[in-house]
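See below for the structure under consideration.
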Amino acid sequence: MSSPWILVVEDEPLLGELLVDNLRHEGYGTELVQDGRTALERIREGGIDLVILDLMLPGIDGLKILETLRGEDNPVPVLILSARSRDLDRVKGLALGADDYLGKPFNLRELLLRVQALLRRALKKEALEPIRKIEFGGNRVDLDTFEAVTHDGTEVQLTNREAQLLRYLAGKPRKVVSRKELLDNIWGLDAATTPRTIDNFIARFRKLFEKDPRDPVHFHTLRGVGYRFEP
Ligand code: CA
């Protein structure tokens, strides 16, 4: 498994760098953004396992970011890190769906331990709860009902296999998934399945979900290697 990816949202440069350095030292992939608008855009792109979120930010403030994400059903774990450690903000943050809250100034070691605990909890949850809804490039797919609305508003009913494949790819955004991995995990021992079968599914996904199927943005084929889903 690749290392967890943490987004630090912090507008005080020195504190931001301190956090990034220490998280990297612990082996996490880490990215720093310094304003609310960029943070929201980056989180929506996906591929982030945990957000460390300051509240007082230029652009959109931290509580608003959190409220917006949860309103969009984005479950990314959020640890609020803020000087506004008054009880009211703490309660507001948790009510809006923050997973944890730490007031500034904080003990660095405590922060790292909390990060570790949150990631562990999220991993367990992920293993238990399959992805239910995905959104990318204006397409919306409900993986419980197999109903999709594509970028141009067309309603599509997916087959069980299509939904399984989409769920699998969406669960590994930006990662290369080999044909063998897909055949093993989705088709199992169905002997009639060949790598060609997967190519046909990917071709159909492109036709449905890509604005230009000949120039795909979301469903990439890496010749001789596998596939990569870009949300
Ligand atoms: Ca701040």
Side-chain angles (χ1 to χ4, degrees), residues 1-126 129 131 133-138 170 173-175 230-231:
M1 208 194 75
S2 59
S3 54
W5 199 262
I6 299 175
L7 180 71
V8 176
V9 186
E10 174 59 68
D11 62 323
E12 289 167 47
L14 285 179
L15 180 56
E17 276 167 37
L18 174 86
L19 287 169
V20 166
D21 284 349
N22 280 280
L23 290 165
R24 287 201 180 135
H25 191 71
E26 292 291 308
Y28 301 118
T30 310
E31 229 176 296
L32 174 67
V33 298
Q34 300 186 307
D35 72 275
R37 213 166 295 279
T38 313
L40 196 54
E41 279 168 19
R42 181 59 194 89
I43 297 164
R44 280 174 174 151
E45 282 173 19
I48 289 172
D49 299 300
L50 175 70
V51 181
I52 296 180
L53 183 64
D54 182 27
L55 289 191
M56 306 266 269
L57 289 166
I60 309 170
D61 79 49
L63 287 176
K64 187 72 200 163
I65 292 177
L66 185 61
E67 189 180 13
T68 307
L69 289 172
R70 295 310 187 234
E72 293 170 356
D73 282 333
N74 189 322
V76 66
V78 173
L79 167 66
I80 289 179
L81 190 60
S82 176
R84 285 155 66 176
S85 55
R86 291 175 301 141
D87 272 354
L88 185 62
D89 286 322
R90 185 188 165 84
V91 170
K92 243 192 223 163
L94 293 172
L96 285 173
D99 298 270
D100 204 352
Y101 193 115
L102 201 54
K104 291 179 193 169
F106 58 91
N107 175 307
L108 188 60
R109 184 157 170 76
E110 182 183 2
L111 173 81
L112 293 173
L113 287 171
R114 286 187 187 221
V115 162
Q116 202 182 329
L118 282 171
L119 287 169
R120 207 184 306 128
R121 212 198 296 164
L123 265 180
K124 252 190 218 159
K125 211 168 139 198
E126 208 173 89
E129 287 177 19
I131 300 169
K133 284 195 178 115
I134 50 175
E135 287 194 39
F136 59 97
R174 299 196 175 84
K175 303 213 167 93
E230 193 75 38

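Numbers for residues simply follow the sequence, beginning at 1. No experiment lies behind these values; they were computed from the predicted model shown. Numbering of ligands and ligand atoms starts at 1, following listing order.
If you take CD1 on Ile60 and CG on Leu40, they are separated by 5.0 Å, rounding to the nearest 0.5 Å. Atom CD of residue Glu45 and atom CG of residue Leu7 lie 10.0 Å apart, to the nearest 0.5 angstrom.
Qualifying salt bridge (Lys or Arg N to Asp or Glu O under 4.0 Å) partners for Glu17, counting only residues two or more places apart in sequence or in other chains: none. The salt bridge (Lys or Arg N to Asp or Glu O under 4.0 Å) test applied to Arg37 returns no partner, not counting sequence neighbours. For Arg24, there are no side-chain hydrogen bond (donor to acceptor under 3.5 Å, both in side chains) partners at least two apart in sequence or on another chain.
Shown here are the protein N/O/S atoms lying under 3.0 Å from the Ca ion (ligand 1), water excluded: Asp11 OD1, Asp54 OD2, Met56 O.
Across every non-hydrogen atom of Leu32 and Glu10, the tightest pair is CD1-O, 4.0 Å.
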